[in-house]
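Heads up: the structure comes next, in structure tokens.
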Amino acid sequence: IQKQQARVEIERLVTQARRNEEEEEYAQAIEKYERVLESIRSYPFDLDLGDLQREVESRLPQLVERQKKREEAERISFLKMVEDEKRRDRSTDLRILENKLRQLRRKARSAEEHQNYQRAIQLYENILEVNPGDREAQQRLALVKELDHIHTMDKLRKAYAKNYDLAILGIEESSIVYQQIFRYPE
């Protein structure tokens with residue numbers, strides 16, 4: 001009776017393992033096949049399951065190989081998913097960066113239009129920090145520096161001319177004719 005119970009239990013495990021194998025649940029199938037082999041080998045009596053034992057012993061390495069292939073395919077799939085995610089993140093980061101650069105360009109152009117050349121220079125330099133190869137920003141920076149220089153020189157020239165005019169006016173006002181000073185009252 002013990003022998004027959006053991007056979008039934010082993011056959012039940014084999015049936016469950018085959019079902020797991022069909023459902024591609026290889027880890028569970030492997031575990032059950034290993035339990036079958038352990039039960040056959042450890043049982044004190046000969047259960048007369050030689051054919052079943054050989055079948056399980058031949059299927060077990062195949063299942064282990066299938067399990068490895070599945071794990072490798074899952075690993076590759078996971079790595080591909082991670083790589084795709086990185087690519088999407090880089091694409092998103094690139095779009096954000098491009099938007100930021102466009103915003104900096106708009107601000108720089110606005111500063112140029114308002115003749116705030118120092119601010120424009122700072123903004124173009126910020127653009128070049130992010131993207132040193134930006135030809136447009138390099139050209140605009142050179143132009144704005146030149147405009148800033150011209151603007152500064154023009155302000156200095158105007159200030160010099162104003163000071164000159166004030167100095168001449170002061171000289172003219174201070175040069176009172178001597179006849180007016182020494183004139184006796186009438």
Side-chain angles (χ1 to χ4, degrees), residues 16-35 58-177:
Q16 287 177 350
R18 286 178 184 154
R19 189 175 321 119
N20 289 351
E21 188 177 346
E22 288 172 5
E23 294 171 357
E24 295 183 357
E25 296 171 350
Y26 299 124
Q28 294 171 348
I30 290 169
E31 184 255 327
K32 287 182 179 140
Y33 280 140
E34 287 174 346
R35 281 180 36 203
S58 69
R59 286 189 122 159
L60 194 56
Q62 293 171 358
L63 284 177
V64 169
E65 187 61 32
R66 286 185 198 165
Q67 178 69 12
K68 284 181 184 178
K69 285 180 182 178
R70 172 189 263 173
E71 288 172 354
E72 182 64 19
E74 288 173 354
R75 185 184 71 80
I76 290 171
S77 173
F78 177 75
L79 291 175
K80 184 178 181 205
M81 181 184 71
V82 167
E83 189 61 35
D84 290 344
E85 188 67 30
K86 283 181 184 177
R87 203 173 304 117
R88 279 192 297 274
D89 287 348
R90 277 182 275 182
S91 173
T92 302
D93 291 346
L94 184 60
R95 280 188 298 233
I96 290 170
L97 188 61
E98 287 172 348
N99 287 338
K100 184 174 178 149
L101 288 174
R102 273 194 293 274
Q103 182 181 19
L104 286 172
R105 271 195 184 84
R106 279 194 300 270
K107 287 180 180 180
R109 293 273 172 116
S110 176
E112 274 183 70
E113 290 170 5
H114 292 93
Q115 295 183 349
N116 187 351
Y117 298 118
Q118 289 299 315
R119 175 79 175 135
I121 288 170
Q122 179 187 19
L123 290 168
Y124 282 124
E125 286 175 348
N126 288 348
I127 291 170
L128 290 172
E129 282 179 20
V130 174
N131 185 6
D134 190 335
R135 288 262 187 239
E136 180 186 354
Q138 291 170 348
Q139 292 169 350
R140 298 299 301 175
L141 178 62
L143 176 66
V144 169
K145 283 183 176 181
E146 183 65 27
L147 289 172
D148 184 47
H149 176 71
I150 291 170
H151 184 72
T152 302
M153 294 305 292
D154 190 46
K155 281 172 43 179
L156 290 173
R157 186 190 53 77
K158 286 179 182 178
Y160 177 76
K162 184 177 177 183
N163 286 339
Y164 179 79
D165 289 343
L166 287 174
I168 296 297
L169 182 64
I171 291 172
E172 286 177 357
E173 287 177 355
S174 68
S175 62
I176 300 174
V177 182

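A quick note: this is a predicted structure, and the numbers were derived from the prediction, not measured.
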Evaluation steps, side chain to side chain contact (heavy atoms under 4.5 Å, CB included), between Gln118 and Gln122: CA-CA 6 Å; Gln118 289 299 315; Gln122 179 187 19; over 6 Å; no
Shortest non-hydrogen contact from [X] to [Y]?
X	Y	result
Tyr117	Val144	O-CG1, 3.6 Å
Ala108	Ala120	O-CB, 3.7 Å
Ala111	Arg119	CB-CG, 3.9 Å
Ala29	Glu21	CB-N, 3.9 Å
Ile127	Ala137	CG2-CB, 3.6 Å

Could you measure the distance from the [atom1] atom of [X] to the [atom2] atom of [Y]? Nearest 0.5 Å is fine.
X	Y	atom1	atom2	answer
Ile121	Leu143	CD1	CG	10.0 Å
Leu101	Arg106	CG	CZ	11.0 Å
Leu104	Asn131	CG	CG	11.5 Å
Leu147	Asp154	CG	CG	12.0 Å
Ile76	Glu74	CD1	CD	11.0 Å
Asp165	Tyr160	CG	OH	10.5 Å

Note, Asn20 side chain near Lys32 side chain (heavy atom, < 4.5 Å):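 Of all side-chain heavy-atom pairs linking Lys32 with Asn20, at least one is under 4.5 Å.
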Note, Tyr124 side chain near Glu136 side chain (heavy atom, < 4.5 Å):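 No, every pair of side-chain atoms sits at 4.5 Å or beyond.
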Counting only N and O atoms by type, is there a donor-acceptor contact under 3.5 Å from the side chain of [X] to the main-chain atoms of [Y]?
X	Y	value
Glu31	Ala17	no
His114	Ser110	yes
Thr152	Asp148	yes

Criterion side chain to side chain contact (heavy atoms under 4.5 Å, CB included) on Gln28 and Glu23, from CA distance to verdict: CA-CA 10 Å; Gln28 294 171 348; Glu23 294 171 357; over 6 Å; no
Matching residue for Gln67 among Glu71, Glu65, Arg70 - test: side chain to side chain donor-acceptor pair (under 3.5 Å):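 Going through Glu71, Glu65, Arg70 one by one, the side chain to side chain donor-acceptor pair (under 3.5 Å) with Gln67 is satisfied by Glu71 alone.
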Identified side-chain contact (heavy atoms from CB on, under 4.5 Å) partner of Val82 from the options Lys80, Lys86, Glu85: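 Per the side-chain contact (heavy atoms from CB on, under 4.5 Å) rule, the option paired with Val82 is Lys86, out of Lys80, Lys86, Glu85.
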Residue pair Arg88, Asp84: steps toward the salt bridge (Lys or Arg N to Asp or Glu O under 4.0 Å) verdict: CA-CA 6 Å; Arg88 279 192 297 274; Asp84 290 344; 5.1 Å; no
Residue Arg135 excluded, over 12 heavy atoms near CZ under 6.0 Å: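 No, the 6.0 Å shell around CZ holds no more than 12 heavy atoms from other groups.
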Residue pair Glu72, Arg75: steps toward the salt bridge (Lys or Arg N to Asp or Glu O under 4.0 Å) verdict: CA-CA 5 Å; Glu72 182 64 19; Arg75 185 184 71 80; 2.6 Å; yes
Stepwise salt bridge (Lys or Arg N to Asp or Glu O under 4.0 Å) check, Arg66 with Glu24: CA-CA 9 Å; Arg66 286 185 198 165; Glu24 295 183 357; over 6 Å; no
Arg95 side chain to Thr92 side chain, donor-acceptor N/O pair below 3.5 angstrom: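 Indeed, the side chains of Arg95 and Thr92 share at least one donor-acceptor pair under 3.5 Å.
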Working for side chain to side chain contact (heavy atoms under 4.5 Å, CB included), residues Lys68 and Val64: CA-CA 6 Å; Lys68 284 181 184 178; Val64 169; 4.0 Å; yes
